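Just so you know, ligand 1 is whichever comes first in the structure, and atom 1 is the first atom listed for that ligand. Values below: every heavy atom of this structure, side chains too, minus hydrogens, waters and symmetry copies. Position 1 is the first residue of the sequence; numbering continues from there. Please read these numbers as outputs of a predicted model, since none were measured by experiment.
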Amino acid sequence: MEKFTLSPEHVLDNAPTGIFIAGKNGECTYTNKALQNLLGLSYENSLGVGYTENFHPDDKAVVIKHWHDCVAKKKVFKSTFRIGSGPEPKLIVVLAEPLFSDNKKLLGYVGSVDDISELNDVQQALRLSQQRYELAAKGASAGIWDWNIDSDEVYYSVKFTDLLGFDNLTFGNEWESFSEQIHPEDRDLFNLSISQHFNDPFEVLDFECRIFSAKQHELWVHIVGEAIRDKQGIPHRMVGSITDVTDKKQSQQVIWHQANFDALTQLPNRNMFTDRLNQEIIKGKRTGDKFALLFIDLDHFKEVNDTLGHNAGDLLLVEVAERLRLILRQSDTVARIGGDEFTALLTNIDSVESVEHIAAKLIETIELPFFIHGESIFISASIGITFFPEHSEKMDELLRFADQAMYLSKEEGRKQYRHFSRRLQEKADRAHRLSQELRLAIIEQQFEVLYQPIYNISKQAVTKAEALIRWHHPDMGMISPADFIPIAETSGVIADIGDWVFKCAASQVKQWQAKFNKEFEISVNRSPAQFQSALEHHDRVWFNKLEELSIEKGICIEITEGLLLDDNQSVKEKLSAFQRAGMSISLDDFGTGYAALSYLTKFSIDYLKIDRAFVMNIESSEQNKALCEAIIVMAHKLGLKVIAEGVETTRQLDFLANAGCDFAQGYLISKPISAELFEQELTSCDPFNMRHHFALAVQASLSF
Ligand code: C2E
Ligand code: CA
Ligand code: CA
């Protein structure tokens with residue numbers, strides 16, 4: 001029998017596993033047969049760095065890089081990669097242990113190589129993900145990670161570590177090196193996302209989160225990845241990319257901020273507020289929690305803007321916002337939803353009183369002086385309150401009800417809060433009903449125009465009249481224009497109503513000029529809403545009517561101060577167009593608004609009507625007397641004629657006559673009366689001396 005001794009060399013050469021010895025630079029000094037077979041190389045060719053010759057071209061650089069990383073850190077080298085570049089490359093797993101000298105110097109590596117190509121599915125999956133992997137690797141901004149899940153070793157590309165500002169060599173090659181950098185608030189979700197992907201290949205990993213750089217800067221990154229699975233679907237490896245999306249995220253945040261916050265005060269805007277309100281309603285319906293909605297409106301803010309300039313107005317709004325924020329709790333939402341309109345959402349409320357307490361505090365705080373541009377400014381606020389779910393469970397209703405309650409507090413004297421109430425509800429319902437019925441009223445001719453004489457003081461004669469509309473509602477009886485004109489204004493019907501009144505007045509003045517006085521003039525009220533450009537086509541109706549009747553003059557248009565406040569060019573042009581067509585312009589209710597005297601010079605105006613509120617107090621207040629006199633003098637200096645409204649007593653008339661006032665209108669002369677009655681009065685007496693006749697007629701027969 002032949003004597004045969006097995007040497008370690010036999011073991012190495014016949015081992016089913018590939019075995020090698022390599023130096024620090026990866027140069028092989030020994031490969032066994034199994035390895036040579038696996039690489040498809042002869043012993044000689046496999047030595048040095050020849051063994052890399054058959055590495056898959058796409059894996060080669062990655063493997064070599066990983067090798068150098070391990071050498072630098074004196075760590076175990078472990079890697080799975082492909083051999084051969086044909087359609088069916090082999091997949092091998094390499095494990096190499098570092099060898100050290102006695103004095104801890106790294107001498108080289110001894111390693112094993114196993115063919116794991118039988119895991120066909122793995123290969124399949126690899127091929128599938130290859131395209132994505134390559135794309136990602138080539139992408140200019142993406143960093144690549146390649147995670148061997150079984151050994152928990154990760155290859156991080158240079159771009160990956162660059163992106164985070166780490167040195168590629170010191171970053172580490174565990175999964176933890178990566179996951180630890182992720183922002184703690186996003187980490188759980190990230191891990192969840194990965195485990196979901198592991199459990200279900202259709203749950204792709206596509207994730208945006210914050211991550212910390214080496215210098216602890218917060219970055220936003222977009223992470224995508226895909227696991228490579230075996231036949232059982234168990235993931236063994238995962239490859240993916242990471243992209244810096246900080247810039248995109250920041251600009252998204254800027255856009256989001258702009259869409260949701262008010263640029264001036266930095267408070268949430270209407271958009272954001274309605275979002276929160278909506279959420280609160282949903283929550284409230286689920287939990288039964290109540291909340292209060294406050295509508296806060298500054299009183300006379302326009303005045304500040306007009307007298308001190310928009311800049312000061314803006315600063316004031318910023319300060320107001322600051323005070324609101326200070327009074328309200330962190331959990332409350334305060335928003336600016338319009339010019340000088342703010343809203344607040346008070347949640348977790350324990351009682352109505354606690355909400356009232358806050359509302360009162362808000363009002364008090366706003367009443368304290370503001371210091372702007374070295375001046376003290378005083379302003380106040382009116383607040384409307386509604387409660388969820390007591391008043392409504394609908395967002396638009398809650399907002400509308402709070403707004404209505406706010407208007408109530410304005411109506412009742414401002415600087416206070418009011419709750420939404422059933423009475424307001426009824427008022428709102430009535431307004432709604434009227435707005436529906438207004439159109440029908442035009443068609444069914446439920447309107448009537450009354451005429452109120454305007455007395456020419458020096459001529460002692462009625463030479464003018466004001467056309468005032470009345471609505472004879474089939475069920476509700478007579479409705480005052482003070483009630484329905486505002487509704488007509490908001491529902492857009494005002495233009496049709498105004499056209500109708502104008503046509504009546506034009507026909508009337510034509511007749512009265514022919515019958516009594518060719519200078520006779522009728523005033524027609526025109527609300528600011530009728531100057532809106534959307535309603536511009538209605539202007540033609542007025543011009544056409546004048547042409548049709550060939551009226552050269554005889555119509556006066558009464559406008560209010562509010563119209564002039566904006567110093568609007570189109571308003572200016574419109575007023576001149578009316579004047580060119582032979583109409584005169586009268587400024588109604590002078591003294592109630594905030595029209596500065598300068599407005600009178602900017603617009604071409606013929607008459608000024610002193611508001612009833614001034615005339616009413618002439619007898620009792622020296623100050624009002626002085627004011628009336630001053631207005632008359634000033635108007636005359638500017639070439640305007642003055643009409644005093646609401647003259648009810650002879651003493652008022654005497655005073656006005658002495659002060660040089662040109663015209664008087666009021667119950668003393670007559671209430672508004674029908675055209676028929678008006679004509680009777682004009683025929684039955686001398687039109688140039690009829691004041692007393694009119695006055696008598698009032699006492700005798702007039703009801704409204
Ligand atoms: P206005 O233009 O200030 O009209 C004067 C109002 O004061 C009229 O109320 C008139 O009846 C009332 N009045 C006149 N003299 C006296 C007086 O001596 N004492 C008192 N207490 N009141 C007096 P009216 O007719 O109820 O009209 C209210 C408002 O409705 C008008 O105020 C005007 O702004 C608006 N309006 C009336 N007709 C029209 C119209 O055809 N178009 C538009 N846009 N508004 C109209
Ligand atoms: Ca008027
Ligand atoms: Ca008036």
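Here Lys410 pairs with Asp297 in a salt bridge; the nearest charged N to carboxylate O distance falls below 4.0 Å. We find that Asp496 and Arg439 are joined by a salt bridge, their nearest charged nitrogen and carboxylate oxygen being less than 4.0 Å apart. For the pair Lys574 and Glu536, the salt-bridge criterion is met [side-chain N within less than 4.0 Å of a carboxylate O]. For Arg336 and Glu341, the salt-bridge test fails: no basic side-chain N is under 4.0 Å from an acidic carboxylate O. The pair Glu681-Lys671 does not meet the salt-bridge criterion, since no charged nitrogen lies less than 4.0 angstrom from a carboxylate oxygen. Salt bridge Glu448/Arg470: absent, no basic N to carboxylate O contact under 4.0 Å.
In Gln530, the part holding a heavy atom less than 4.0 Å from any atom of ligand 1 is the side chain. The part of Arg612 lying near ligand 1 is the side chain, judged by heavy-atom distances below 4.0 Å.
Within the 4.0 Å heavy-atom shell around ligand 1 one does not find Glu489. Using a 4.0 Å cutoff on heavy atoms, Pro672 counts as a contact of ligand 1. Glu466 counts as a contact of ligand 1, since one of its heavy atoms falls under 4.0 Å from the ligand. At least one heavy atom of Gln452 sits less than 4.0 Å from an atom of ligand 1. Not close to ligand 1: Lys609, with no non-hydrogen atom less than 4.0 angstrom away.
The tally of protein N/O/S atoms under 3.0 Å from the Ca ion (ligand 3) stands at 4.
Considering every non-hydrogen atom in both Thr386 and Phe420, the closest pair reads CG2-CB, 3.4 Å.
For Asn624, there are no side-chain hydrogen bond (donor to acceptor under 3.5 Å, both in side chains) partners at least two apart in sequence or on another chain.
Counting heavy atoms only, Asn525 comes closest to atom 33 (C) of ligand 1 of the residues Ile669, Val501, Asn525. Nearest to atom 2 (O) of ligand 1 by heavy atom, out of Asp483, Ile469, Asp588, is Asp588. Taking each of Pro481, Ala529, Gly498 in turn, the one with a heavy atom nearest to atom 28 (C) of ligand 1 proves to be Pro481. Around atom 31 (C) of ligand 1, the closest heavy atom drawn from Leu468, Val524, Ile497 belongs to Leu468.
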*Could you go step by step and tell me if Asn517 and Trp512 meet the side-chain hydrogen bond (donor to acceptor under 3.5 Å, both in side chains) rule?*
CA-CA 7 Å; Asn517 172 3; Trp512 288 346; over 6 Å; no
*Give the intermediate values and the outcome of side-chain contact (heavy atoms from CB on, under 4.5 Å) for residues Ile585 and Gln579.*
CA-CA 7 Å; Ile585 306 291; Gln579 285 173 322; 3.6 Å; yes
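Angle OE2(Glu466) to the Ca ion (ligand 2) to OD1(Asn525), rounded to 10°: 90°.
Within ligand 1, counting atoms from 1 as listed, the ones closer than 4.0 Å to a heavy atom of Glu645 are 3 (O). Within ligand 1, the atoms closer than 4.0 Å to a non-hydrogen atom of Gly646 are 16 (C), 17 (C), 18 (O), numbered from 1 in the order shown.
The shortest N/O to N/O separation between Gln665 and ligand 1 does not fall below 3.5 Å. Residue Arg526 has no nitrogen or oxygen atom sitting less than 3.5 Å from a nitrogen or oxygen atom of ligand 1, judged on distance alone.
Taking 4.5 Å as the limit, some side-chain heavy atom of Lys464 sits within range of a side-chain heavy atom of Tyr607.
Here Gln530 contributes atom CD and Ile557 contributes atom CD1; the two are 9.5 Å apart, rounded to the nearest 0.5 Å. The structure places CG of Leu277 at 6.0 Å from CE of Met395, a figure rounded to the nearest 0.5 Å.
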